[in-house]
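So you know, we letter chains A, B, ... as the sequences are listed, proteins then strands, and number each from 1.
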2 protein chains.
Amino acid sequence: MNGPESMYKASQRPEAEAQRRTLERLESVCRSRGRRVTRQRRAVLRALLAQGGALTAYELLERLRVEDGHSTPAGVYRALEFWMAAGAVHRLQSTRSFILCEHPEAPHPGQLLICRECGQVVETQDKGVASAAHRLGERLGFVFDRHLVELTGVCGPCRARGRAAEAECRHA
Amino acid sequence: MNGPESMYKASQRPEAEAQRRTLERLESVCRSRGRRVTRQRRAVLRALLAQGGALTAYELLERLRVEDGHSTPAGVYRALEFWMAAGAVHRLQSTRSFILCEHPEAPHPGQLLICRECGQVVETQDKGVASAAHRLGERLGFVFDRHLVELTGVCGPCRARGRAAEAECRHA
DNA sequence: CCGCGAAATGATACATTGTATCAATCAGGG
DNA sequence: CCCTGATTGATACAATGTATCATTTCGCGG
């Protein structure tokens with residue numbers, strides 16, 4: 001979780017670099033399929049990247065309107081749908097929001113782990129869950145083409161914080 | 001899947017009996033927690049039971065209005081929320097709809113298998129999926145209290161129908 | 001370079017889904 | 001009976017998502 005970037009202490013430099021590369025990668029995937037990368041679509045991607053987490057369509061809309069006053073819901077949804085089709089964005093059904101895909105090259109059925117405290121979302125491609133789902137389908141005669149797996153709870157750091165606060169309480 | 005009831009050939013008799021028992025069971029669970037079983041709540045439960053599958057809140061509303069002209073969205077959602085809290089109804093995020101729980105006594109994290117052809121929804125309590133999810137959480141430090149697992153695809157009968165239609169096509 | 005056709009956008013209106021609020025009513029215990 | 005909390009009614013509204021159609025842009029073949 002903490003590598004060489006810890007020396008930068010929340011500075012934006014290396015993240016910015018990584019973000020630029022992420023953008024490049026997503027855009028090239030898109031172009032290679034003969035689809036256009038437009039200003040609007042890039043704006044949606046950048047907003048999600050900048051957020052570093054999930055945003056609802058209308059939160060996204062607000063941010064786009066800072067730069068482009070005549071963004072519309074339809075436009076935002078079109079861009080989101082576009083990137084979802086490309087596998088670059090996922091929709092979180094639990095929170096009606098959207099988030100950048102962290103594994104855009106791997107089209108496996110994935111899982112989204114959501115911390116209700118800090119809002120963090122971790123995307124995984126767990127073989128165990130995927131294959132258990134597949135086996136379950138086989139047993140019951142189903143063939144799935146869409147896996148919606150969203151696990152909501154509390155992440156490690158937030159649990160630790162919670163326990164600390166609790167202890168605090170007892171001492172007071 | 002097919003037991004003694006096949007001799008009735010889609011007659012309503014035994015289902016009606018089973019439904020009555022299901023209602024009783026759900027209502028008693030509810031009463032045992034000191035909550036009231038009211039006309040409105042019972043109506044919602046009965047509509048879902050009669051449907052034998054998923055309904056959106058507004059589809060439900062239409063049906064309730066047949067009997068009670070002044071049902072409102074708020075009322076429907078209140079009843080749904082009530083039964084969801086009791087574990088008797090699940091929300092399908094994939095389709096924004098609601099369905100009776102088939103295992104109201106088992107509070108395990110469950111899965112919903114959805115056939116996109118016929119709309120059938122099968123609810124399971126698969127240990128394999130649940131424990132894979134749990135292990136995944138452990139590996140990443142998460143403790144989950146909400147499992148949203150909806151697997152969408154095509155069920156066995158519908159696949160068979162699909163293949164038959166395809167063959168038909170080739171012969172034409 | 002031009003112009004064609006597909007892709008994408010703009011603009012508007014609308015559809016669907018879900019909530020907030022607050023007064024009125026109901027159900028059961030003391 | 002009256003008190004209290006649960007429930008409903010009624011209304012308005014908030015949040016989320018789509019349909020439509022005219023217009024613009026883009027990439028490409030000529």
Side-chain angles (χ1 to χ4, degrees), chain A residues 26-48 54-86 88-99 148 150, chain B residues 26-48 54-86 88-99 148 150:
Chain A
L26 293 178
E27 293 183 5
S28 75
V29 163
C30 156
R31 266 189 285 258
S32 73
R33 294 191 201 172
R35 319 302 304 279
R36 298 179 200 160
V37 180
T38 63
R39 203 165 40 81
Q40 196 170 226
R41 289 175 179 171
R42 205 188 314 255
V44 163
L45 221 51
R46 269 214 307 257
L48 283 174
L55 286 173
T56 70
Y58 280 75
E59 285 168 350
L60 208 39
L61 178 59
E62 274 182 52
R63 305 200 181 191
L64 295 198
R65 275 183 170 160
V66 172
E67 308 235 316
D68 176 355
H70 49 274
S71 296
T72 64
V76 170
Y77 279 103
R78 282 195 287 233
L80 286 170
E81 192 162 346
F82 173 82
W83 290 116
M84 283 193 289
V89 165
H90 296 306
R91 186 193 296 247
L92 283 99
Q93 297 282 2
S94 305
T95 53
R96 304 272 153 87
S97 62
F98 301 85
I99 191 167
L148 170 57
E150 295 181 14
Chain B
L26 292 178
E27 293 183 4
S28 75
V29 164
C30 156
R31 266 188 285 260
S32 74
R33 294 191 202 173
R35 319 303 303 279
R36 297 179 201 161
V37 179
T38 63
R39 203 166 40 80
Q40 196 170 227
R41 289 173 180 172
R42 204 187 315 256
V44 162
L45 221 52
R46 270 215 306 259
L48 283 173
L55 286 172
T56 70
Y58 280 76
E59 285 168 351
L60 208 39
L61 178 59
E62 275 181 52
R63 307 200 180 190
L64 295 197
R65 276 182 169 159
V66 172
E67 309 232 316
D68 176 355
H70 50 274
S71 297
T72 63
V76 171
Y77 279 103
R78 282 195 285 232
L80 286 171
E81 192 164 345
F82 173 83
W83 289 117
M84 284 192 290
V89 165
H90 295 305
R91 186 192 297 246
L92 283 99
Q93 297 282 1
S94 303
T95 53
R96 303 273 153 87
S97 61
F98 301 84
I99 191 166
L148 169 58
E150 296 180 15

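- Reading DNA chain C from its 5' end, the first and the last nucleotide to sit under 4.0 Å from a heavy atom of chain A are C:dA6 to C:dG18.
- Residues A:F82 and A:H70 each lie close to DNA chain C; by heavy-atom proximity, the contact nearer the 5' end of the strand is made by A:F82.
- The distance from the CZ atom of B:R39 to the CD atom of B:E67 is 9.5 Å, given to the nearest 0.5 Å.
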Table please: side-chain donor-acceptor pairs of residues 92-99 of chain B below 3.5 Å, with sequence neighbours left out.
| residue | atom | partner | partner atom | Å |
| --- | --- | --- | --- | --- |
| B:S94 | OG | B:E150 | OE1 | 2.3 |
| B:T95 | OG1 | B:S97 | OG | 2.7 |

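- Atom CD of B:E81 is separated from atom P of D:dA6 by 15 Å (rounded to the nearest Å).
- Nucleic acid contact for B:R78: base, since at least one base atom lies under 4.0 Å from a heavy atom of the residue.
- Along DNA chain D, the nucleotide closest to B:P73 and the one closest to B:R41 are compared, and the more 5′ of them pairs with B:R41.
- Interatomic distance, NE2 of A:H90 versus CG of A:L48, reported as 11.5 Å (0.5 Å rounding).
- When the C1' atom of D:dA15 is taken as reference, atom CG of A:L60 falls 15 Å away, rounded to whole Å.
- Applying the 4.0 Å criterion to OP1 and OP2 of D:dT8, one finds that B:T38 has a side-chain N or O inside that range.
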Donor-acceptor list for residues 71-84 of chain A side chains, cut-off 3.5 Å, not counting sequence neighbours:
| residue | atom | partner | partner atom | Å |
| --- | --- | --- | --- | --- |
| A:S71 | OG | A:D68 | O | 3.2 |
| A:T72 | OG1 | A:G75 | N | 3.1 |
| A:W83 | NE1 | A:R41 | O | 3.1 |

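- Between the P atom of D:dA14 and the OH atom of A:Y58 lies a distance of 13 Å, rounded to the nearest Å.
- Taking atom CG of residue A:L55 and atom C1' of nucleotide D:dA15, one finds them 15 Å apart after rounding to whole Å.
- Within 4.0 Å of A:R36, counting heavy atoms only, lies at least one base atom of the nucleic acid.
- Remark on DNA chain D: of its neighbouring residues B:T72 and A:T95, the 5'-side contact belongs to B:T72, judged by nearest-heavy-atom nucleotide.
- If you take CG of B:L64 and P of D:dT8, they are 12 Å apart, rounded to a whole angstrom.
- Residue B:L26 comes nearest to B:A88 through the heavy atom pair CD2-CB, 3.6 Å, listed as atom of the first residue, atom of the second, then distance.
- D:dA10 atom P lies 11 Å from atom CD of B:Q40, rounded to whole Å.
- With D:dG9, D:dT18, D:dT16 as the candidates, the nucleotide lying closest to the side chain of A:A74 is D:dT18.
- Look at CD on A:E59: it is 11 Å from P on D:dA15, rounded to the nearest Å.
- Atom OH of A:Y77 is separated from atom P of D:dT20 by 18 Å (rounded to the nearest Å).
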